[in-house]
Structure formats: C-alpha cells, structure tokens
Amino acid sequence: MPAVIVGGASVAFLIFTGQCWAWGATGHEWASGIAIEKLPATLPAFIRTPESIAEIAVMGRELDRSKGSGKTHDAERDPGHYVDLADDGSVEGVLPLANLPATREEYDTLLRAGGKTQYKAGYLPYSIVDGFQQLRKDFAYWRALTKAMETASTPEERAWFEADRRLREKLTLRDVGVWSHYGGDASQPLHVSVHYNSWGNYPNPEGYTTKKVHAYFEGEFVRRNLSRSAVAAEVGPYQPCGCSIEVKTKGLLLASLAQVGPLCALERDGGFKRGDQRGTAFATTRLAAGATAVRDMIVMAWEESTETPVGYPMVNVRDIESGKVRAAREMFGAD
C-alpha cells in the first residue's frame with residue numbers, strides 16, 4: 001500500500017493508491033472502547049474496568065500502527081483488514097460469501113481457481129473468526145483457572161493457578177484489544193467492497209463518485225464531525241443472534257456492503273462536507289455498528305467458552321466447572 005505522507009509527525013494525511021486503513025485512530029479507539037463499555041455484567045469484571053476500557057480502546061488501533069514493519073509482515077497481514085466483495089456479495093465475483101470454507105488455505109485455493117488470491121481479495125472474515133476463536137479459548141482458560149483456584153489441593157497449587165489466571169487476564173485484554181480492530185474494519189463499507197476507494201471502473205448509472213474518498217471519510221471527517229457520545233448512544237443492549245461466529249461475521253460484512261451505494265451517493269451529493277448532518281449521521285451509525293458487532297462477538301465468545309476444551313489432555317470447561325473433573329496443575333503445564 002504505497003502512500004505519500006504530508007505534514008508533521010503529529011498530523012499526517014495519507015494518500016493511498018491501494019487499499020486504505022479502516023477508520024482512523026479516533027474511529028477505532030471509539031469502536032473498541034465503546035464495545036467494552038457496553039458489555040453486560042455477566043462478563044468477568046477484569047475486562048470491564050475503566051483501566052481495561054482505556055487500554056483496549058488504544059489497542060484497537062494497534063494493527064494500523066504496526067503497518068510498515070517490513071515486507072514479510074505487511075504482505076501477510078495487510079490483506080487481513082479487508083475483503084473485496086462484488087455487488088452480488090461474492091468475493092471478487094469468484095466465491096459467494098455464503099460458501100466460504102473453514103480455512104484460509106481452502107479459501108485461497110478456490111480464489112486461485114478463479115484467477116484471484118486471498119492476498120488480492122483480502123481475508124477479513126478469517127481475521128475476525130480466527131481472533132474470536134482465540135478469545136473463546138482465553139475465556140475458557142480463565143473459567144477453568146477460576147474453578148481450579150477453588151479446588152486446589154495445596155496452597156502452592158492455588159498460588160500457581162492464581163498467577164496463571166493473572167497472566168491469562170493480561171493475554172485476554174491484549175487479544176481483545178488487537179482483534180477488536182477487525183470488527184471496526186468490517187463496519188466500514190469501503191473495506192468490504194471492490195469499490196474500496198471510489199466507485200471505480202464499474203458500471204455507474206447512478207453517477208456515484210469516482211473521487212478517492214476512503215481516507216478522508218474514515219479519518220478526517222470522523223475526527224472533525226462525529227462525537228463519541230453519539231456513537232455510544234446508538235449501541236443498544238446485547239441481543240443474542242443464536243448463530244455461529246461465521247454467520248455473525250457474514251451478516252456484518254453484508255450489512256456494510258449494503259451501505260457502499262449510500263456512501264457514494266452521499267459523497268456525490270456533498271454529504272461529507274464539514275458539518276453536513278447527513279454524513280455525520282451515516283458515519284455515526286457505521287461506527288456504532290462496529291462497536292455493536294465487537295461487543296456481541298465478545299459476549300458470544302464468553303458464552304461459548306464453557307463448551308471449549310482446555311489443558312492437555314484436553315478437558316471441556318463444562319466438566320471442570322461442574323466438578324466432574326478436578327483441574328490439576330499438570331493439566332495446564334505438562335510436558
């Protein structure tokens with residue numbers, strides 16, 4: 001993603017010739033922080049403290065800050081921030097979103113059969129699911145360690161469990177914070193479309209903009225026109241979807257894809273000029289959608305963690321919490 005940087009160290013305007021960052025630092029911090037603020041009290045207290053909210057908010061922009069680390073790093077990770085969906089909801093017109101396979105290897109194989117690759121088309125759905133599965137495992141270990149502290153056979157064993165749970169909490173906060181970035185990406189319409197910077201070289205009967213709007217919309221416009229409180233106000237209480245993370249992710253991507261046309265129409269009609277309430281309302285709703293999705297997925301990970309195996313040999317957390325199996329130290333640290 002070549003870029004020209006204009007300005008000083010504190011303020012930079014990035015003009016991208018390819019896929020851009022989703023939401024600037026402001027948008028990502030708001031989406032990640034608000035997601036944690038809106039967690040229900042059923043989740044562990046350690047993830048809901050004011051300190052955790054502040055740290056996760058800042059970590060929500062970490063994946064953009066790490067860009068430019070090196071060719072190997074960037075070539076592998078940058079495509080994880082987007083997916084190029086055609087207007088019919090298929091990845092680059094090759095693979096229907098509804099038919100995504102379980103692994104990136106299978107995904108890439110199918111795309112290559114159609115003349116594309118995961119590195120060209122992006123693999124944002126897999127970034128979201130991968131991070132969710134790690135978070136679910138984090139919560140599972142936290143649950144198991146909490147029960148293990150209650151049933152430890154010696155003070156030394158209990159102290160070991162307590163120390164390991166403290167470490168697990170640190171790991172969980174880091175995993176939530178960094179992964180939350182992808183939920184923000186998925187709520188930005190231009191990160192889920194072949195029209196990623198303008199309508200581009202496609203049939204355009206509506207006269208949509210061909211001006212490069214990506215960086216301005218998600219960065220400067222958000223910073224100058226939106227308020228964090230307005231975004232938070234649009235995030236309602238958690239509502240279970242009764243679905244898998246894969247289905248939840250596809251729903252988020254398709255909802256964002258449906259907003260590409262309205263976004264381009266707003267730009268065409270002047271809706272993203274400073275102070276225009278049409279653009280402000282649109283961007284506020286999209287950021288709130290990102291915060292809502294991240295919050296919902298965190299709750300889903302917590303709820304599913306009770307059915308997740310931990311340790312070696314692996315034991316289901318449900319069996320540990322019920323007392324069917326006593327968690328011993330060797331379960332968590334055997335060679």
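For the single chain, residues carry numbers from 1 onward in sequence order.
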Within residues 232-259 or reaching into it, pairs that qualify as salt bridge (charged side-chain N to carboxylate O under 4.0 Å, His left out) - sequence neighbours excluded: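 Qualifying pairs, neighbours excluded: Lys248-Asp296.
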Not counting sequence neighbours, list each pair that qualifies as a salt bridge (charged side-chain N to carboxylate O under 4.0 Å, His left out) and has a residue in residues 309-323.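 For residues 309-323, and leaving out neighbouring residues, the salt bridge (charged side-chain N to carboxylate O under 4.0 Å, His left out) pairs sorted by first residue read Arg143-Glu321, Glu307-Arg318.
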Results of side chain to side chain donor-acceptor pair (under 3.5 Å) for Arg174 - residues two or more places apart only: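 Counting only residues at least two positions away or on another chain, Arg174 forms no side chain to side chain donor-acceptor pair (under 3.5 Å).
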For Met149, the rest of its hydrophobic cluster, which grows through side-chain links under 4.5 angstrom: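 Its cluster partners, ordered by chain and number, are Tyr141, Leu145, Trp160, Phe161, Val310, Val315, Val317, Ile320, Val325, Met331, Phe332.
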How does the hydrophobic cluster around Met314 look, that is, which other residues are in it when side-chain heavy atoms under 4.5 Å mark a link?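 Noted: Met314 shares its cluster with no other residue.
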Which residues share a ring-ring contact (aromatic ring centres under 6.0 Å, His included) with [X], sequence neighbours left out:
X      : result
Tyr208 : Trp199
Tyr123 : none
Tyr312 : none

Side-chain donor-acceptor pairs of residues 253-270 under 3.5 Å, sequence neighbours excluded:
unit_1: Ser256; atom_1: OG; unit_2: Ala186; atom_2: O; d: 2.5
unit_1: Ser256; atom_1: OG; unit_2: Leu252; atom_2: O; d: 3.2
unit_1: Ser256; atom_1: OG; unit_2: Arg286; atom_2: NH2; d: 2.8
unit_1: Glu267; atom_1: OE1; unit_2: Thr209; atom_2: OG1; d: 2.7
unit_1: Arg268; atom_1: NH1; unit_2: Glu206; atom_2: O; d: 2.5

Show me the pairs that pass disulfide (SG to SG under 2.5 Å) and involve residues 109-167, at least two apart or across chains.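 For residues 109-167: none.
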Is there a side-chain contact between Pro189 and Phe282 (heavy atoms, below 4.5 Å)?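 When only atoms from C-beta onward are counted, Phe282 and Pro189 do touch, with a gap below 4.5 Å.
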Side chain to side chain donor-acceptor pair (under 3.5 Å) pairs, two or more places apart, involving residues 36-46: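 Listed once each, the pairs are Glu37-Arg228.
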Pairs meeting criterion side chain to side chain donor-acceptor pair (under 3.5 Å) with involvement of residues 126-135, two or more places apart: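 Non-adjacent pairs meeting side chain to side chain donor-acceptor pair (under 3.5 Å): Gln134-Asp138.
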